[in-house]
Participant: 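Just dropping this structure here.
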Amino acid sequence: MAKTQLNVRVDEGTARAARERATARGMSVNRYIEELVRQDAGEVGHTFVEAASDFMKQYGAVFAEEFGADREGGTREGRR
């Protein structure tokens with residue numbers, strides 16, 4: 001999809017919040033703003049899938065260690 005540049009003016013507090021939230025999510029401010037607009041426009045399902053994908057890229061190894069094939073069936077030592 002072609003990208004179009006969009007310039008907006010916001011107060012410094014809003015700009016700071018956008019930068020902080022984008023950084024906390026490991027994404028650029030551009031992508032963060034784009035996702036907010038998509039959510040507002042009704043593309044929440046798509047945004048959720050992207051966020052879940054990003055989350056699994058970051059934490060997939062932790063999930064595999066905790067819930068991997070050796071733990072299939074949901075059991076842990078000492079618990080059922």
Side-chain angles (χ1 to χ4, degrees):
M1 172 180 5
K3 296 284 185 173
T4 299
Q5 185 170 338
L6 177 65
N7 296 312
V8 297
R9 292 184 186 271
V10 296
D11 63 69
E12 185 55 39
T14 301
R16 185 175 37 258
R19 287 185 204 104
E20 290 172 358
R21 285 172 171 78
T23 299
R25 289 168 174 75
M27 63 179 63
S28 69
V29 173
N30 285 335
R31 182 169 176 204
Y32 176 70
I33 299 297
E34 188 174 7
E35 288 190 11
L36 289 176
V37 172
R38 281 188 185 143
Q39 286 177 351
D40 192 49
E43 295 183 24
V44 175
H46 177 71
T47 302
F48 172 79
V49 170
E50 282 185 359
S53 174
D54 289 345
F55 179 86
M56 288 308 292
K57 285 176 190 171
Q58 289 183 331
Y59 299 104
V62 174
F63 273 74
E65 182 179 317
E66 183 69 21
F67 303 107
D70 60 327
R71 307 248 174 152
E72 243 174 79
T75 60
R76 290 180 147 204
E77 296 88 20
R79 285 199 303 184
R80 287 202 172 263

Participant: Quick check: is Met27 connected to Met56 through a chain of hydrophobic side chains (ILVMFWY, heavy atoms under 4.5 Å apart)?
Facilitator: no
Participant: To check you understand the geometry: which heavy-atom pair defines the closest contact between Tyr32 and Ala22, and what is its length?
Facilitator: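 Nearest pair, atom of Tyr32 first, then Ala22: CB-CB, 3.7 Å.
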Participant: Between Phe55 and Phe67, is there shared hydrophobic-cluster membership here, with clusters defined by ILVMFWY side-chain heavy atoms closer than 4.5 Å?
Facilitator: yes
Participant: Hey, is Arg38 close enough to Glu50 for a salt bridge, meaning N to O under 4.0 Å?
Facilitator: yes
Participant: Atom CZ in Arg21, atom CZ in Arg16: separation rounded to 0.5 Å?
Facilitator: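 Reported to 0.5 Å precision, the distance equals 11.0 Å.
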Participant: Would a single hydrophobic cluster contain both Val29 and Leu36, if residues Ile, Leu, Val, Met, Phe, Trp and Tyr are joined by side-chain heavy-atom contacts under 4.5 Å?
Facilitator: yes
Participant: How many angstroms lie between atom NZ of Lys3 and atom CG of Asn30, to the nearest 0.5 angstrom?
Facilitator: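 One finds 8.0 Å between NZ of Lys3 and CG of Asn30.
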